[in-house]
2 protein chains.
Amino acid sequence: MKQKIAMNSNKDVEKHSFKCGRQKRFLIPSILLLLLEKPSHGYELMEKYPEFGFTDTGPDAGAIYRTLKSLKSDGFVESKWNTGNTGAAKKIYSITGKGKILLKNWAKEMNEKKNSIVVFLERYKKSNKALAETGKKLF
Amino acid sequence: MKQKIAMNSNKDVEKHSFKCGRQKRFLIPSILLLLLEKPSHGYELMEKYPEFGFTDTGPDAGAIYRTLKSLKSDGFVESKWNTGNTGAAKKIYSITGKGKILLKNWAKEMNEKKNSIVVFLERYKKSNKALAETGKKLF
DNA sequence: AATCGATATATGTTATATACATATATTATG
DNA sequence: CATAATATATGTATATAACATATATCGATT
């Protein structure tokens, strides 16, 4: 018979889960990559950001605009107002040469992080397999 | 001639780099996996943690002990004092059934995060390739 | 023409894991 | 016996994620 352990819908699980603390949402590289693909404005980036799947909670509008502002002030992106079209005026952002280098650095480090996760998961799998072989129940 | 852009050793790069903000150091799942492999104590976990490669700055002793204390108070690990050996008394921690389930959840979510990074990196690669084909210089 | 939702940008506030520092005590070493 | 290593523990600062709120325009509905 399967052992049942009180676990879900509990505050303590949430506290120690993946989602605890501040998540790395990869907002900066996501914005930079989207701008590498096509110059865009805050609202559009906000809509596209979930495509990467880094979060399930959706982007935070405040975070997008603040990040764009900050990236611009340090020269990683540049912007111009789009007043031509109808609708509210849009601030169209583009990635700069400096921004492309920053994105490249991010890609390198994200790849390293990915490799670390792979190492972890393989080690976990191996450990579970070893435990199963010694007859110990996993849970 | 290769264009040189002022970039490194600058404060603004650091501010927007991968290491900006609080990194996900995967301390909780790392501790849980190490304890799944073998019951251990804080100091030993501190030494083993870098094996995963999640950081290059090394673990923070404070974080290890605080995390262990917190995991224990919620029943994910349990501990007993080891007074048998020589040396300073060690608090030997083991993973509980509840802790094993928590670790399993972490593994699932880390795998999803890994997949998102892979998607991102492939999209970045594709974008660079497309830019190269249109003759635009990447940097 | 007034209400409502979507579009679009922007600022204010709080919670918290990380990051660094410090404190304590024991054992090993030179 | 002073110093380093082992071992556990607490104090504090900080960046940013997460949530909330504010402003204004435009399009659709009533």
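Just the heavy atoms: all of them, side chains too, but no hydrogens, waters or symmetry mates, feed the values below. Naming convention: chains lettered A, B, ... in sequence-line order (proteins, then strands); numbering from 1 in each chain.
Under 4.0 Å is where a charged nitrogen must lie from a carboxylate oxygen, and between A/Lys90 and A/Glu44 no such pair does.
Here the straight-line distance linking atom CG of A/Leu103 with atom CD1 of A/Ile31 works out to 11.5 Å at 0.5 Å rounding.
Distances shown here put a side-chain N or O of A/Lys69 below 4.0 Å from the OP1 or OP2 atom of C/dT11. Between B/Lys90 and D/dA7 there is a side-chain N or O to OP1 or OP2 distance below 4.0 Å.
You'll find that the side chain of A/Arg25 is closest to D/dA18, out of D/dA18, C/dA10, D/dA7. Nearest to the side-chain atoms of A/Tyr65 among the listed nucleotides D/dT8, C/dA10, C/dT18 stands C/dA10.
Both tests pass for B/Lys24 against the ring of A/Phe18: distance under 6.0 Å to the centre and angle within 45° of the axis.
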Step by step, would you call A/Glu109 with A/Lys113 a salt bridge (charged side-chain N to carboxylate O under 4.0 Å, His left out)? CA-CA 6 Å; A/Glu109 305 224 44; A/Lys113 181 68 103 182; over 6 Å; no

Run the salt bridge (charged side-chain N to carboxylate O under 4.0 Å, His left out) test on B/Lys126 and B/Glu122 for me, step by step, so that the C-alpha distance in whole Å, both residues' side-chain angles and the decisive distance to 0.1 Å come before the verdict. CA-CA 6 Å; B/Lys126 202 173 159 184; B/Glu122 274 166 11; over 6 Å; no

Shorter than 3.5 Å, N or O on both sides, protein versus nucleotides 20-23 of chain C: list them out with atom names.
| from | atom 1 | to | atom 2 | distance (Å) |
| --- | --- | --- | --- | --- |
| C/dC20 | N4 | B/Asp60 | OD2 | 3.0 |

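Rounded to 10°, the helix from C/dA1-D/dT30 to C/dG30-D/dC1 has 0° between the axis fitted to its first five pairs and the one fitted to its last five.
If B/Tyr43 and A/Lys19 are placed on DNA chain D by their nearest nucleotide, the residue sitting closer to the 5' end is B/Tyr43. Map A/Gly42 and B/Thr67 each onto its nearest nucleotide of DNA chain C; the residue landing nearer the 5' end is A/Gly42.
Atom P of nucleotide C/dA8 and atom CD of A/Glu47 are separated by 7 Å, given to the nearest angstrom. Spacing between atom CH2 of B/Trp81 and atom C1' of C/dA25 amounts to 11 Å, rounded to whole angstrom units. Rounded to whole Å, the distance from CD1 on B/Ile92 to C1' on D/dT8 is 12 Å. At whole-Å resolution of the value, NZ in B/Lys24 and P in D/dT16 are 16 Å apart.
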For a quick test of your reading: what N or O donor-acceptor pairs under 3.5 Å do the side chains of residues 64-71 of chain A make, sequence neighbours left out?
| from | atom 1 | to | atom 2 | distance (Å) |
| --- | --- | --- | --- | --- |
| A/Tyr65 | OH | A/Tyr43 | N | 3.3 |
| A/Thr67 | OG1 | A/Ala63 | O | 2.6 |
| A/Ser70 | OG | B/His16 | NE2 | 3.4 |

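Between A/Leu34 and B/Arg123, the shortest heavy-atom distance links the atoms CD2-NH2, 3.3 Å.
Enclosure of atom NZ in A/Lys19 by more than 12 non-hydrogen atoms of other residues, nucleotides or ligands within 6.0 angstrom is indicated.
Looking at B/Lys72 and B/Ser79, their side chains do bring a donor and an acceptor atom within 3.5 Å of each other.
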